Protein chains: 2
Amino acid sequence: MELSERKMIILQAIVRNYLETGEPVGSRTISKYTDLNLSSATIRNEMADLEEMGYIVQPHTSAGRIPTDAGYRVYVDTMMAEKDKEVEALKTNLLEKEERLDQLLKQTAKLLATNTNYASMVSAPSIHQNKLKLIQLSRVNDSQLLAVIVIEGNVIKNTLLDVSEQINEETVLKLNILLNTHLTGLSIEEINLKLISSLKTQAGIHSDIVGDVIDAVAKAIHDEDDLEIYTSGTNNIFKYPELTDSNAASELIGAFEEKQALSELVVKTLSESEETGIQVYIGNESPVSTMKDCSIVTATYDLGDGMKGTIGIIGPKRMDYEKVVDNLKDVMRQLDSIYKK
Amino acid sequence: MELSERKMIILQAIVRNYLETGEPVGSRTISKYTDLNLSSATIRNEMADLEEMGYIVQPHTSAGRIPTDAGYRVYVDTMMAEKDKEVEALKTNLLEKEERLDQLLKQTAKLLATNTNYASMVSAPSIHQNKLKLIQLSRVNDSQLLAVIVIEGNVIKNTLLDVSEQINEETVLKLNILLNTHLTGLSIEEINLKLISSLKTQAGIHSDIVGDVIDAVAKAIHDEDDLEIYTSGTNNIFKYPELTDSNAASELIGAFEEKQALSELVVKTLSESEETGIQVYIGNESPVSTMKDCSIVTATYDLGDGMKGTIGIIGPKRMDYEKVVDNLKDVMRQLDSIYKK
DNA sequence: TGTTAGCACTCGCAATATATGAGTGCTAAC
DNA sequence: GTTAGCACTCATATATTGCGAGTGCTAACA
């Protein structure tokens with residue numbers, strides 16, 4: 001069966017209405033809701049077809065229809081209105097410039113949650129292909145070195161190194177100069193074996209330390225399990241009864257706390273991200289099994305220099321997709337621009 | 001009226017029984033539950049007294065009794081059994097040694113939540129009275145300085161400073177020596193105005209930078225709102241129906257996410273902490289208004305050098321106080337010892 | 001004087017019955 | 001192709017009932 005123009009209008013009306021009310025929507029409602037001037041009986045026939053095609057279902061025999069995942073999907077892909085007017089209102093909530101990235105992202109998560117009334121997540125940018133900006137070794141005591149590693153984008157990592165040999169201030173100074181001269185501006189891929197052995201040779205008796213430091217650098221840049229994720233508005237899920245039966249809610253809250261699942265979501269999103277940057281996972285499409293009853297909308301932001309991260313909204317399937325997409329787009333734009341000042 | 005020996009036994013039996021079952025407990029149950037060999041009628045008389053004295057209430061006319069906050073309080077203060085046997089079992093969950101403090105504390109929170117089945121919180125140690133170990137300035141570019149501040153206990157803070165004047169490597173070197181020579185080993189209280197102005201004089205034309213750096217140091221050491229708090233097992237609250245009505249649950253989850261309330265709790269706990277280190281807040285005694293229906297048990301740990309922090313368990317008022325206290329004591333001991341290796 | 005058996009009473013809760021009404025599918029007529 | 005009409009379904013709301021756990025009180029007992 002084909003999805004005729006009229007069927008689409010009806011489906012759209014059903015979804016719209018359901019998003020608003022959260023109640024199954026009946027034929028009479030649609031008859032009045034649309035400009036089609038059709039009686040409820042006619043609508044009923046069409047709805048029977050739409051049900052057969054898998055876009056809507058009845059929760060029980062004598063109830064109206066609600067959209068299936070497929071129904072939402074068609075809606076999101078082809079029927080969603082662009083309501084750019086909203087963007088105007090969002091502008092007021094411009095992210096205040098934070099000097100620290102983590103603060104900025106925390107705030108971003110909060111902003112998204114407050115504006116949308118759903119739960120939000122923001123991943124810190126992954127910095128895989130990033131360049132070293134500065135290495136700074138300091139002598140803490142006879143057997144410990146503090147290595148501060150600054151990466152493009154002013155991401156700062158600290159590592160405390162235990163060193164076997166005794167070191168003095170002069171050595172530290174020399175090592176600092178050596179390392180910074182040769183490593184600054186390089187990405188982790190460019191720090192290859194040849195370079196390392198050359199450095200070790202130049203470091204002479206301190207070659208062990210050079211090795212340790214480079215390990216630390218590699219770890220700092222690569223740190224997978226350190227993928228920070230900020231969440232906010234977790235308790236917003238209580239605003240949607242369909243997510244609040246004790247069991248599902250508990251699992252959801254757990255997922256937000258553990259962040260493991262979210263982390264997978266981020267990885268997946270980043271790898272799949274397309275031009276527009278916006279992705280919508282509806283119900284079972286979700287990569288996260290605990291969120292089968294939710295919809296997830298994500299966007300990828302780009303701070304430049306390959307520093308990409310994910311922002312996302314998690315809410316009920318009957319979320320206001322337009323609003324969420326607009327919000328994400330707006331925040332995405334703000335983040336994109338913030339570092340390209 | 002006086003709380004006779006017999007009344008205490010009955011009260012204890014009521015609390016015990018209620019902790020186990022979560023159901024209001026009736027006179028007949030107590031009659032069988034205790035060794036008093038009294039009929040239910042006699043127990044009823046005693047219970048009427050206990051109710052009059054404010055230790056128990058009936059949720060409704062034809063129900064058994066449940067403890068009031070005051071009832072719990074008496075129980076916790078004077079009737080709680082020491083079941084040290086449990087500690088043996090806990091030993092298996094020894095905290096693995098983590099090199100990073102934040103990881104260790106995260107793990108601590110998780111351990112507590114898993115072991116007790118309640119929600120847990122762990123605050124990072126406050127470092128108010130701590131001593132500066134090392135300041136390290138590095139030149140990032142013409143107008144930015146990176147200040148790395150290491151505090152006793154190897155807590156490391158970074159700050160990026162925007163400086164108005166142009167600086168070169170030599171200046172940075174001089175400043176580093178100046179600052180470290182004079183500030184290392186001092187606590188924030190010891191860095192007074194006189195010392196600051198003396199340093200500024202010595203810094204000559206770079207006195208502005210000195211001021212900025214000292215501000216940064218003060219901020220790093222004092223950073224109140226940076227009081228990190230790790231939580232775990234938030235979703236455990238779903239295991240206790242009395243906390244799970246949508247409204248209360250939402251507020252609780254919110255409090256755990258925001259952490260503002262928890263932060264106040266920590267501050268209060270630290271200021272009130274006594275010898276034993278264990279504190280119990282029952283219901284309305286809680287300093288946090290969103291937790292009026294919970295009990296909170298906290299302990300203060302001490303990593304030495306004035307680095308004190310709080311660990312805590314939040315659960316329903318009918319929590320297993322013995323188990324919780326034992327768990328906290330055990331973890332407290334483990335934390336206390338871990339840095340005094 | 002403290003303890004106990006007995007009894008009427010309360011009230012939450014679960015089970016059952018009843019009514020309501022929104023919504024459907026189908027058929028026959030337009 | 002569209003529509004009015006009608007019998008039918010079924011979730012939800014409301015009232016009715018019975019049950020039972022538990023109480024307070026009284027009177028008898030040791």
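Lettering of chains follows the sequences in order, A, B, ..., and the numbering in each one begins at 1. These numbers come from a predicted model, not from an experiment.
Among the atoms of the strands shown, none is found under 4.0 Å from any heavy atom of A:Ser40.
Residues passing the side-chain contact (heavy atoms from CB on, under 4.5 Å) test with B:Gln58 are B:Glu51, B:Arg65, sequence neighbours excluded. Partners of A:Glu242 by salt bridge (charged side-chain N to carboxylate O under 4.0 Å, His left out), not counting sequence neighbours, listed by chain and number: A:Arg318. In this structure, A:Glu20 has no salt bridge (charged side-chain N to carboxylate O under 4.0 Å, His left out) partners at least two apart in sequence or on a different chain. Looking at residues two or more places apart in sequence or on another chain, you find no ring-ring contact (aromatic ring centres under 6.0 Å, His included) involving A:Tyr55. A:Asn17 meets the side-chain hydrogen bond (donor to acceptor under 3.5 Å, both in side chains) test with no other residue; sequence neighbours excluded. Partners of B:Tyr240 under the ring-ring contact (aromatic ring centres under 6.0 Å, His included) rule, at least two apart in sequence or in another chain, are B:Tyr118. Not counting sequence neighbours, the partners of A:Gln12 by the side-chain contact (heavy atoms from CB on, under 4.5 Å) test are A:Arg16, A:Tyr75, A:Met79. Shown here are the side-chain contact (heavy atoms from CB on, under 4.5 Å) partners of B:Arg6, two or more places apart in sequence or in another chain: B:Ser4, B:Ile10, B:Leu36, B:Leu38, B:Thr42, B:Glu46.
Stems are defined here as 3 or more consecutive Watson-Crick or G-U wobble pairs with pairing distances under 3.5 Å; those involving DNA chain C are C:1-30 with D:1-30.
Note on A:Asp69 versus A:Arg73: no salt bridge recorded, every NZ/NE/NH1/NH2 to OD/OE distance being 4.0 Å or above.
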Could you write out each protein N or O paired with an N or O of nucleotides 10-14 of chain C at a distance under 3.5 Å?
{"unit_1": "C:dT10", "atom_1": "O2", "unit_2": "B:Ser62", "atom_2": "OG", "d": "3.4"}
{"unit_1": "C:dC11", "atom_1": "OP1", "unit_2": "B:Thr61", "atom_2": "OG1", "d": "3.0"}
{"unit_1": "C:dC11", "atom_1": "O4'", "unit_2": "B:Ser62", "atom_2": "OG", "d": "3.4"}
{"unit_1": "C:dC11", "atom_1": "O2", "unit_2": "B:Ser62", "atom_2": "OG", "d": "3.1"}

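Between A:Thr269 and A:Tyr281 the shortest side-chain heavy-atom distance falls below 4.5 Å.
Put simply, chain A comes within 4.0 Å of DNA chain D, heavy atom to any atom, from D:dT2 to D:dA11, going 5' to 3'.
As rounded to whole Å, 14 Å separates atom C1' of C:dG23 from atom CG of A:Asn17. Rounded to a whole Å, the CG atom of B:Asn37 is 13 Å from the C1' atom of C:dT4. Whole-Å rounding puts the A:Ile43 CD1 to C:dG23 C1' distance at 14 Å.
Applying the side chain to side chain donor-acceptor pair (under 3.5 Å) test to residues at least two apart or on different chains, the pairs with a partner in residues 288-299 of chain B are B:Ser295-B:Tyr321.
Taking for each of A:Gly26 and B:Arg44 the nucleotide of DNA chain C with the nearest heavy atom, the 5'-most of the two is the partner of B:Arg44.
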